[in-house]
Q: 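Let me give you the structure first, and then I'll get to my questions.
Please read all numbers here as calculations on a predicted model, not as lab measurements. Hydrogens, waters and symmetry mates play no part in the numbers below; they use all other heavy atoms, side chains included. Whatever order the structure lists ligands and atoms in, that order sets their numbers, starting from 1.
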Amino acid sequence: AAKQSGRARVQLFDDAMCEATERRVTAERALQAALEIDPIDQLPVWFQPIVSLESKQVVGAEALVRLRGTGGDLIAPGVFIPLAEETGMIVPLGEHVLRTALAQLVAWGDTVPYMSVNVSPKQLAEPEFVPMLTEALSRSGLADASRLVLEITETSMLERGIDLRDRLLAVKALGVRLALDDFGTGYSSLTWLQSVPADIVKLDCSFVVGLSHDQDKASIISAVLWLAQALNMSVVAEGVEDLADAEALTRAGCPAAQGWFFGRPVEAAAWDPGRRQVLGLPSRQAPAVS
Ligand code: C2E
Ligand code: MG
Ligand code: MG
Ligand code: MG
């Protein structure tokens, strides 16, 4: 009987592996076709608002790419970005996202002050990255390069095992700003914080979701806010899903936030430029201490 169930387990495992491999191959094909045939239609870039907790206005947008599967369904970046990184397709994919996001930022004008674009370390490591960025900026007609923010993650940078600091300095020299994405999830966040010339820290959603009834999370957030201020960086809290967490962040003095409570990622056509004012939020109160 043991042998029997052992075999059954192996069978199940094989099936699961086949399914995963199949899904992978399907996504890889869809990605390749999308890049070759029609990236604008098949790799749509969606946008999520970033909101100031002080002025309660939209201060920025994060560009988030999706992949249209062969059936018309949308595939999440969590599925195909790792694939794109492994295969090198992240380079043309990232360029497509960057150009699309810049064009959208210019089209929106000052109703959206800045645009945040995720960049994989594999893209950054490309020798052509800075010349490509320079050209994309100038072609977009964006007058003020600081309205572009590039988001990088700690773990992915360390995985590369190469020093991308010079590359980041070259990006900064163009006037583009940098954000540390998913901050707090890496294993050497403090080293990372002092070694990268970043302007913004994006506090990972794991510290934000449920913050209003979790004193430990609230303490971590206060500490990060203090640290960021000492290092002259701004903070955006990710993953704000309800009013209670938005209020707790506001009380803690967090300057900006992003999450389903303020708005889900949407395609550009569904973005409401008139909705700069986010209603229903309390004014910031004086902090309890100092
Ligand atoms: P990220 O850069 O940390 O982006 C934030 C993710 O959190 C997005 O997932 C967003 O939809 C999701 N999110 C927003 N608000 C909430 C909320 O209130 N609660 C929760 N639970 N989640 C929320 P998405 O769009 O699936 O993207 C996943 C990741 O894929 C991104 O994480 C980013 O690392 C990567 N990605 C997306 N687009 C690109 C791209 O163009 N280039 C690269 N290199 N990576 C990308
Ligand atoms: Mg991001
Ligand atoms: Mg993030
Ligand atoms: Mg995140």
Q: Would D182 count as a contact for the Mg ion (ligand 2), in the sense that one of its N, O or S atoms lies under 2.8 Å from it?
A: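 Within the cut-off used here (under 2.8 Å), D182 places no N, O or S atom near the Mg ion (ligand 2).
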
Q: When you measure from the Mg ion (ligand 3) to each N, O or S atom of D181, which atom gives the shortest distance?
A: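 Nearest N/O/S atom of D181: OD1.
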
Q: If the cut-off is 4.0 Å to any non-hydrogen atom of E238, which atoms of ligand 1 fall inside it?
A: 3 (O), 5 (C)

Q: Can R177 be said to sit on top of Y114's aromatic six-ring, NZ or CZ under 6.0 Å from centre and within 45° of the ring axis?
A: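 The answer is yes, since R177 meets both limits relative to Y114.
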
Q: Could you tell me whether V240 approaches ligand 1 through its side chain, its backbone, both or neither, with non-hydrogen atoms closer than 4.0 Å?
A: backbone

Q: Closest N/O/S atom of E238 to the Mg ion (ligand 3), by atom name?
A: OE2

Q: Can you tell me if P265 contacts ligand 1 (heavy atom of the residue under 4.0 Å from the ligand)?
A: yes

Q: Looking at V65, which atoms of ligand 1 are within less than 4.0 Å of one of its heavy atoms?
A: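 Heavy-atom distances to V65 below 4.0 Å select 38 (N), 39 (C), 40 (C), 41 (O).
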
Q: Does ligand 1 have a heavy atom under 4.0 Å from the side chain of R66, from its backbone, from both, or from neither?
A: side chain

Q: I need the single residue from V119, N118, I152 that forms a side-chain contact (heavy atoms from CB on, under 4.5 Å) with D181. Which is it?
A: N118

Q: Please check whether Q258 reaches ligand 1 - meaning an N/O of the residue sits under 3.5 Å from an N/O of the ligand, judged on distance alone.
A: no

Q: So if I count the atoms of ligand 1 from 1 in the order they appear, which ones are less than 4.0 Å from some heavy atom of V97?
A: 41 (O)

Q: Would you say CD of Q229 has more than 12 non-hydrogen atoms from neighbouring residues, nucleotides or ligands within 6.0 angstrom?
A: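 Count not over threshold, so no.
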
Q: Please could you name the atoms of ligand 1 that Q48 approaches to less than 4.0 Å, counting only its heavy atoms?
A: 14 (C), 15 (N)

Q: Please confirm if an N, O or S atom belonging to S116, backbone or side chain, lies less than 2.8 Å from the Mg ion (ligand 2).
A: no

